[in-house]
Amino acid sequence: MDLKQLLLKDAMIMDLKATNKEDAIEEMVDKYYQVGVIDDKELYKSDILKREAQTSTGIGDGIAMPHARDKAVKRATVLFAKSAKGIDYKSLDGQPAYLFFMIAAPDGADNLHLQALAALSSLLINPELVKNLKAAKTADEVQELFDKAMKEKEAKDKADEEKEKAKEAAAAKAAASDNDKPYVVAVTACPTGIAHTYMAEAALKEQAEKMGVDIKVETNGSEGVKHQLTSADIDRASGVIIAADKKVDMPRFNGKRLVSRPVSDGINKAEELINLAVEDKAPVFHSEGGEEEESSDSGEKRSLWSRIYADLMNGISNMLPFVVGGGILMAISFLLENSVGAKSQWFLFFNNVGNYAFSFLIPVLAAYIAVSIGDRPALLPGFVGGYMASQATASVVSSKSPAGFIGGLLAGFIAGWIIVALKKWLKVMPKSLDGLKTILIYPVLGLLLTGAVMYFMVDPIFAVVNHAITAFLESMGTGNAVVLGALLGGMMSIDMGGPFNKAAYTFAIGTFTATQDGALMAAVMVGGMVPPLAIAIATTFWKNKFTEQERQAGLSNYILGLSFITEGAIPFAAGDPLHVIVSSVIGSAIGGGLTQLWGVNVPAPHGGIFVTPLANKPLLYLVAVIIGAIISGVIYGVWKPAKKEANK
């Protein structure tokens, strides 16, 4: 793709008016909106700010490259802007930024777009080009400068490619002339995979050439893995450089000297990284049983909370498809039940498949939290621990209710850290027995220890809690209907499938079975519908506080909420329990209390909005749901802080 198609003259700002970072971003986003590159300013700006919150895109040397890839972008474009006086952009080198390249990539950007964006990014390490851009007066000059630089780079890349092929051929023949030349390998990666990935690649290659060092750089960008390192490359290398802000394939570097730094260091500290790799100053990377361990030279250590949050998000992102897929099929089954009956094969098919998917929610959540902490050996104990949390216990204390998603969260972290501990304890084993660790020791000991903690501690604790809650509800009776309705409604939102939820639902079912009075069923049904509906409302009206994935999941919660599938809110509750649970409990309690205040009766054990025709006061039943959902949704939307991490 011709760079002129990316560097639109109409989108250039040759005299940026802003005097600070926030205003500069606002001015550039406005320009994009004016020329029709984006159709949603708030969405695009939100994603730009989320990327900035992770690491400043002010890469130093007077250059800033804010970028985002989302649905607001209509066509891949690079906005060029200049500031004569410079702007404090919180750049990595602490210096003002004069040149700005705001990259906009659509969700469905094809490889040509991505290759062009990558090429553009790699050009900016050329100091001569940067100098000429600062002096440029017109948009035509900017396009001409990039056109010339691109042609020069293409010629150089072609020559380098031929040179690399010659080197590989010489290495294959064990040519003596190449044996003494230092050789390192590197991997570059950034969250969006558009700009920093390729700038780090170009900086490392240019610096290596100056130092007389052979280098091969693998890029993990938006196009996928390019120039992938082979076993022969890694074996030959004297050292490995990882310049990345996201996870890359690490076990292949076991036993090599490795320096791991943020991708920005690959751009700004290329000489330092190469020196560490070739002078045997980097620590040796060890991979226990083929699994990754964090290098001691990791550069920027994550805080404990950021690590916990990343582990949690790994579980939630893998659980989401089960919530959405299973939930939608169950919602369809409720629609079919009203028209074809509960014994129809169509109803049973959709309902059963949906329920099968839902049976994996907690195990998958726990399994992938555990994997994030302890890698692949933690999958088995995490999955089984999550399954134990999803089942009514038959442990030392029997219970009719599972531990639910809270127990699943605990199972995931327990399994993950047990595997981490086992890896450290088993380091004393002879190297000859390493193969036994992954196929025998980790699975057996990991499962045994995780199962023991769940069986003897976690499940019994939740069993006692469940028993106490049930006894309390039975002692209340139905004397004060409004208070009881509010209590039952609120309990449906506390743990969304755990002891509180199940105790409230079981109590209402028991009352309905004994008396055929569906008053309390109305309370728990409203209480269970509120959390997912509140999530849907918040993600619709407070979009800037949620990631793209969360907004998409939020839309499905309209259907899940109306279908009385409370579990739709679990991914959000797991990731942000304080704001989600508190706001949900408030709305659910109000909705449940209103059903009793208005004397609403729903003689059905499930169905949500689809059993409205069965209610004695259908309109008031719907009003109770709407009021509860709006209250919770508004509280959650207003109270929830905006996302701090990058979306991409």
Side-chain angles (χ1 to χ4, degrees), residues 1-14 35 37 57 59-65 67 75-82 98-106 109-168 186 188 190 192-211 214-219 221-224 226-227 266-267 270:
M1 173 177 283
D2 190 339
L3 282 179
K4 289 181 180 179
Q5 296 181 40
L6 288 174
L7 284 159
L8 298 180
K9 289 192 289 185
D10 291 345
M12 292 187 189
I13 306 175
M14 300 305 293
V35 299
V37 171
T57 59
I59 61 175
D61 294 327
I63 299 173
M65 297 187 68
H67 52 276
R75 56 169 293 183
T77 309
V78 178
L79 182 154
F80 172 77
K82 285 178 56 181
Y98 297 90
L99 301 180
F100 300 84
F101 300 86
M102 179 172 275
I103 300 174
D110 58 28
N111 283 339
L112 283 176
H113 285 103
L114 298 174
Q115 289 167 8
L117 290 170
L120 177 65
S121 301
S122 64
L123 291 176
L124 294 176
I125 65 161
N126 183 343
E128 186 67 23
L129 174 61
V130 172
K131 177 184 175 182
N132 291 335
L133 286 171
K134 288 180 179 179
K137 302 296 183 184
T138 67
D140 285 325
E141 281 185 75
V142 173
Q143 284 191 332
E144 288 171 6
L145 286 169
F146 270 107
D147 191 40
K148 179 183 177 183
M150 190 64 193
K151 289 177 180 176
E152 291 175 352
K153 183 179 184 300
E154 287 174 350
K156 184 178 183 298
D157 286 347
K158 186 176 181 180
D160 287 346
E161 186 177 347
E162 292 175 355
K163 187 178 177 181
E164 184 65 29
K165 288 180 180 178
K167 285 180 180 178
E168 289 177 357
T188 63
C190 67
T192 52
I194 295 175
H196 290 62
T197 299
Y198 303 103
M199 294 185 72
E201 175 199 22
L204 287 167
K205 290 170 73 173
E206 181 175 308
Q207 186 60 43
E209 185 175 358
K210 290 178 182 178
M211 297 169 64
D214 280 349
I215 190 170
K216 181 174 180 180
V217 184
E218 173 184 299
T219 56
S222 49
E223 300 177 78
K226 296 290 185 181
H227 316 300
I267 301 170

Exercise. Rounded to the nearest 0.5 Å, what separation is found between the CD atom of Glu128 and the CG atom of Leu145?
Worked result: 9.5 Å

Exercise. Can you check side-chain contact (heavy atoms from CB on, under 4.5 Å) on Lys148 and Glu152, steps first, answer last?
Worked result: CA-CA 6 Å; Lys148 179 183 177 183; Glu152 291 175 352; 3.3 Å; yes

Exercise. Quick one: side-chain contact (heavy atoms from CB on, under 4.5 Å) partners of Lys210, sequence neighbours excluded?
Worked result: Glu206, Gln207

Problem set entry | salt bridge (charged side-chain N to carboxylate O under 4.0 Å, His left out) involving Lys9 - partner list, sequence neighbours excluded | Asp140

Exercise. Does Lys82 use its side chain to pair, donor to acceptor, with the backbone of Tyr98 at less than 3.5 Å?
Worked result: no

Problem set entry | Partner residues of Val142 under the side-chain contact (heavy atoms from CB on, under 4.5 Å) criterion, sequence neighbours left out | Met12, Met14, Phe80, Leu133, Ala136, Phe146

Seminar exercise, completed: To the nearest 0.5 Å, atom CE of Met65 lies from atom CE of Met102 at 11.5 Å

Problem set entry | Check: Arg75 and Leu8 side chains under 4.5 Å, non-hydrogen atoms | yes

Problem set entry | Non-hydrogen atoms of Leu6 and Ala76 that approach each other most closely | CD2-O, 3.4 Å

For this session: Heavy atoms only: give me the nearest Gly266-Ala270 pair and the separation to one decimal.
Result: O-CB, 3.6 Å

For this session: Work out which heavy atom in Ala186 is nearest to a heavy atom in Ile215; give both atom names and the distance.
Result: CB-CD1, 4.3 Å

For this session: Using modelled atom types only, decide if a donor and an acceptor are shared between the side chain of Glu201 and the backbone of Thr188 within a distance under 3.5 Å.
Result: no

Exercise. Hey, does Val130 have a side-chain heavy atom less than 4.5 Å from the side chain of Asp61?
Worked result: no

Seminar exercise, completed: Separation between OG1 (Thr57) and CE (Met199), nearest 0.5 Å, reads 10.5 Å

For this session: Sequence neighbours left out, what passes side-chain contact (heavy atoms from CB on, under 4.5 Å) with Lys151? Give chain and number order.
Result: Asp147

Exercise. What pairs with Ala64 under side-chain contact (heavy atoms from CB on, under 4.5 Å), at least two apart in sequence or on another chain?
Worked result: Pro66, Tyr89, Ala97, Phe100

Problem set entry | Contact summary for Gln143 and Leu7, nearest pair of heavy atoms | NE2-O, 2.7 Å

For this session: Return the minimal non-hydrogen interatomic distance between Ala11 and Leu79, and the atom names on each side.
Result: O-CG, 2.9 Å

Exercise. Nearest heavy-atom pair of Ile267 and Ala203: which atoms, and what distance?
Worked result: O-CB, 3.7 Å

Exercise. Does Asp10 have any salt bridge (charged side-chain N to carboxylate O under 4.0 Å, His left out) partners at least two apart in sequence or in another chain, and if so, which?
Worked result: none

